[in-house]
Amino acid sequence: MKKLLLGNAGIARGFYEAGVKVVSSYPGTPSTEITEEAAKFPEIYCEWAPNEKVALETAHGATLGGVRAASAMKHVGLNVAADPLFTISYQGLNAGLVVCVADDPAMHSSQNEQDSRHYAEAAKIPMLDPADSEESRVFTKTAFELSEKFNTPVLLRTCTRVAHSQSVVNLEERVEPAQVPYKKDPAKVMMTKNSRDAHVRVEERTEALVEFAENCFLNRAEYFEGAKTGIITSSTSYQYVKEVFGDTVNVLKIGMVWPLPRKLISDFAAKAETVYVIEELDPIIENHCKALGINVHGKDTFPVCGEFSQNLIRRCMGLETADSVSISDPIPPRPPVMCAGCPHRGIFYELKKLKCMVYGDIGCYTLGAIAPLNAMDLNVCMGASCSGLHGFNKAMGKEGEKHSVGVIGDSTFIHSGMTGITNIAYNGTNSTVIILDNSITGMTGHQQNPTTGRNLYGDPSAAVDLEALCRALGFRRVSVVDPYDLKAVENVIKTELEAEEPSVIISRRPCVMIKGTKHKPALSVNPDKCAGCKSCMQIGCPAIAFDRNSKKAAIDSTLCVGCGVCTQMCRFNAFEGAAL
């Protein structure tokens, strides 16, 4: 049976067919759908963990219990999971473990553009790199086989285009291995001699994996009569190469990107007059080729930044590109924007008005940095707003404490904000952290988290009490505010910034996009009252526009949710309809 599937769904299908029993993940674009799709199979238990470290440790624990398990995350999530990953590489498993990591070239939804292949080399574990949805399914199943054959976790790497594009997948039946009995093994305790012995085994394993890479189906050479140019490539770049060059060049497709074969690459290069390495991001394959003494063109021809495409490869190779559709007028920019009625908007409007230094975090609220709010100063990674604010205030003293805040979402706070605010309370700065509790993990598509009272399946679960938790971590000043009430927001921020002790403000209002949320009727503008002052435009609500002809504000009734924030900004009471 054949089916058209996303790459992420192909991986989930691979989980099912490989007999996986446990999947623990943290949502992160472009990896999120892997776990959501896997949860559709009743044979697989799936969960959202508080963060990627916990997710990987949970999956590893399941393998020790004798069943195949997996964990999925985006590239920056692998940074969080790196601590257990490196040790699991030494320790080994009791059943297969696959770690799916999705890179994001061009940073469609990420704060950096790192290349996860470095982790495979650093942790000394194999990494497979599928190029389409069918390979995503097949490589997933192969990854579990390799994991058990070589007693190692296996990284399965995708990128945005593979994760979110569709291709035909051949569906096969599920084969569920027998559960492996647990046996106590003191050698698995990673300390002193055990760790030293494990390192030796890891190096021996790497050499065995290199031998495997030389002849496995994951890496294949495609030769064509008369071709004088050879291209070594992998992942989605392979698709672009085939579309651009067809059968005019020889191609070595690398499906196992670490460890890389030696003889296979050398033999392929020897049959070509000129060899190119076409790979997105860092020159991993290129550097390996050069270490083998092979003269290749790579980053001297292709960029190290951003996504590749067919036309990019054509331009870099000096080939003509097809004409694209053009229009006479330039297309206006369309930057991302918070939704109409987003509960975060009022917070950032007041923070800007109060001229606060805002240490941001990772979530849809990062859009608070965009005009016209321009309220967020910086962000680094999940949870950094809390610990970074503490460091900033240690440096700035009273000047910082009275004019700076950290902002963090509810899911991100559970992910890694708790330790940051613990540091604030324990090591003492009068820092103010605002938890933006919108009752969902919004940025990645509305996944549940430990504060929502629902698990991945939507079933009732324990819910973290944020107020009680913050008090337990050492905060005596914990306030809750409705972000739609601008005056209340302004008062609580001013009060907590003046306080002589650490404080937490919880901005609580559900995301307007949560399914089933009931909105108030759309507002309207009374043109006789509107003075055209544009004060309402300062919040950047997409439901509000300014009519250049009438010089009046206008409401798009298809977008407005009647939140009433704009009514509090208008001195002329020009907005009519739902009240706050």
Colleague: Ion pair present between Asp282 and Arg117, side-chain N to carboxylate O less than 4.0 angstrom?
Modeller: no
Colleague: Looking at Asp482 and Val489, what are the two nearest heavy atoms and their distance?
Modeller: O-CG2, 3.7 Å
Colleague: Check this for me, if you would: do Lys124 and Glu203 make a salt bridge, where the nitrogen-to-carboxylate-oxygen distance has to be below 4.0 angstrom?
Modeller: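 Yes, this pair counts.
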Colleague: Looking at every non-hydrogen atom in both residues, tell me the closest pair between Ala143 and Val154 and how far apart they are.
Modeller: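 Heavy atoms only, the tightest pair is O-CG2, 3.5 Å.
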Colleague: Just by distance, do the side chain of Arg68 and the backbone of Ala18 share a donor-acceptor pair under 3.5 Å?
Modeller: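 Side chain of Arg68 to backbone of Ala18: a pair is present.
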Colleague: Apply side-chain hydrogen bond (donor to acceptor under 3.5 Å, both in side chains) to Gln448 and Thr452, showing your working.
Modeller: CA-CA 6 Å; Gln448 304 294 334; Thr452 66; 2.7 Å; yes
Colleague: If you look at every heavy atom in Ser71 and Ala55, which pair is closest and at what distance?
Modeller: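 Ser71 and Ala55 have their closest heavy atoms at OG-CB, 3.6 Å.
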Colleague: Quick one: do the Asp361 and Thr412 side chains pair a donor with an acceptor below 3.5 Å?
Modeller: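 Note: Asp361 and Thr412 side chains miss the donor-acceptor criterion.
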Colleague: I'd like to know if the side chain of Asp103 and the backbone of Thr158 have a donor-acceptor N/O pair within less than 3.5 Å.
Modeller: no
Colleague: Hey, are Ser439 and Arg509 close enough side-chain-wise for a donor-acceptor pair under 3.5 Å?
Modeller: no
Colleague: For side chain to side chain contact (heavy atoms under 4.5 Å, CB included), just list the numbers for Val101 and Ser31, CA-CA rounded to whole Å, side-chain angles, deciding distance to a tenth of an Å, and then say yes or no.
Modeller: CA-CA 7 Å; Val101 55; Ser31 72; over 6 Å; no
Colleague: Walk me through whether Arg13 and Phe41 qualify under side chain to side chain contact (heavy atoms under 4.5 Å, CB included).
Modeller: CA-CA 9 Å; Arg13 181 71 194 189; Phe41 297 106; 3.9 Å; yes
Colleague: Would you say the side chain of Tyr119 lies within less than 4.5 Å of the side chain of Trp258, judging by non-hydrogen atoms?
Modeller: no
Colleague: Could you state the interatomic distance from CG (Leu78) to NE2 (His118), rounded to the nearest 0.5 Å?
Modeller: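 These two atoms lie 12.0 Å from each other.
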Colleague: Arg201 side chain to Arg196 main-chain N or O, any donor-acceptor pair under 3.5 Å?
Modeller: no
Colleague: Please determine whether a side-chain nitrogen of the Lys or Arg among Lys398 and Glu500 lies less than 4.0 Å from a carboxylate oxygen of the Asp or Glu.
Modeller: yes
Colleague: What heavy-atom pair brings Pro510 and Pro343 nearest, and what distance separates the two atoms?
Modeller: O-CG, 3.9 Å
Colleague: Closest heavy-atom contact between Val162 and Pro130?
Modeller: CG2-O, 3.8 Å
Colleague: Let me confirm one number: the OG-CG distance from Ser507 to Asn438, rounded to the nearest 0.5 Å.
Modeller: 9.0 Å
Colleague: Side chains of Ser24 and Glu47 only: does a donor on one sit below 3.5 Å from an acceptor on the other?
Modeller: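 Yes, a side-chain donor-acceptor pair sits under 3.5 Å.
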Colleague: Answer yes if the side chains of Tyr26 and Ser411 hold a donor-acceptor pair under 3.5 Å, and no otherwise.
Modeller: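 There is such a pair (donor and acceptor under 3.5 Å, judged by atom type) between the side chains of Tyr26 and Ser411.
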Colleague: Side chain of Thr441, backbone of Gln447: donor and acceptor closer than 3.5 Å?
Modeller: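 Such a contact is found between Thr441 side chain and Gln447 backbone.
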Colleague: Counting only N and O atoms by type, is there a donor-acceptor contact under 3.5 Å from the side chain of Glu52 to the main-chain atoms of Met73?
Modeller: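 No.
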Colleague: Ser195 and Met191: which non-hydrogen atoms are nearest, and at how many Å?
Modeller: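 Reported closest heavy-atom pair: OG-N, 3.0 Å.
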Colleague: Angle between ring planes, Phe144 versus Phe15, binned at 30° and 60°: parallel, tilted or perpendicular?
Modeller: perpendicular
Colleague: Take the angle between the ring planes of Tyr90 and His199 and call it parallel below 30°, perpendicular above 60°, tilted in between.
Modeller: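 Parallel, since the angle between the ring planes stays under 30°.
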Colleague: Closer than 4.0 angstrom, basic N to acidic O: yes or no for Glu43 and Lys21?
Modeller: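 Between Lys21 and Glu43 there is no salt bridge, as every charged N stays at least 4.0 Å from the carboxylate O atoms.
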Colleague: Any Lys/Arg nitrogen of Arg508 or Glu467 sitting under 4.0 Å from an Asp/Glu carboxylate oxygen of the other?
Modeller: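 So Arg508 pairs with Glu467 through a salt bridge.
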Colleague: The test is side chain to side chain contact (heavy atoms under 4.5 Å, CB included); show your working for Gln111 and Met107 and say whether it passes.
Modeller: CA-CA 7 Å; Gln111 66 268 40; Met107 297 169 283; over 6 Å; no
Colleague: Drop me the distance from Thr429's OG1 to Glu501's CD, to the nearest 0.5 angstrom.
Modeller: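 Going from OG1 on Thr429 over to CD on Glu501, the span is 12.0 Å.
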Colleague: Are Lys193 and Asp197 ion-paired here, with the side-chain N under 4.0 Å from a carboxylate O?
Modeller: yes
Colleague: Under 3.5 Å, is there a donor-acceptor pair between the Ser431 and Asn393 side chains?
Modeller: yes
Colleague: Set out, in order, the CA-CA distance, both residues' side-chain angles and the distance that settles side chain to side chain contact (heavy atoms under 4.5 Å, CB included) for Cys381 and Asn79, then state yes or no.
Modeller: CA-CA 10 Å; Cys381 63; Asn79 298 337; over 6 Å; no
Colleague: Between Asp115 and Arg157, is the closest basic N to carboxylate O distance under 4.0 Å?
Modeller: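 Between Asp115 and Arg157 there is a salt bridge, with a charged N closer than 4.0 Å to a carboxylate O.
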Colleague: Run through Glu33, Glu37, Glu36 and flag the one making a side chain to side chain donor-acceptor pair (under 3.5 Å) with Asn8.
Modeller: Glu33
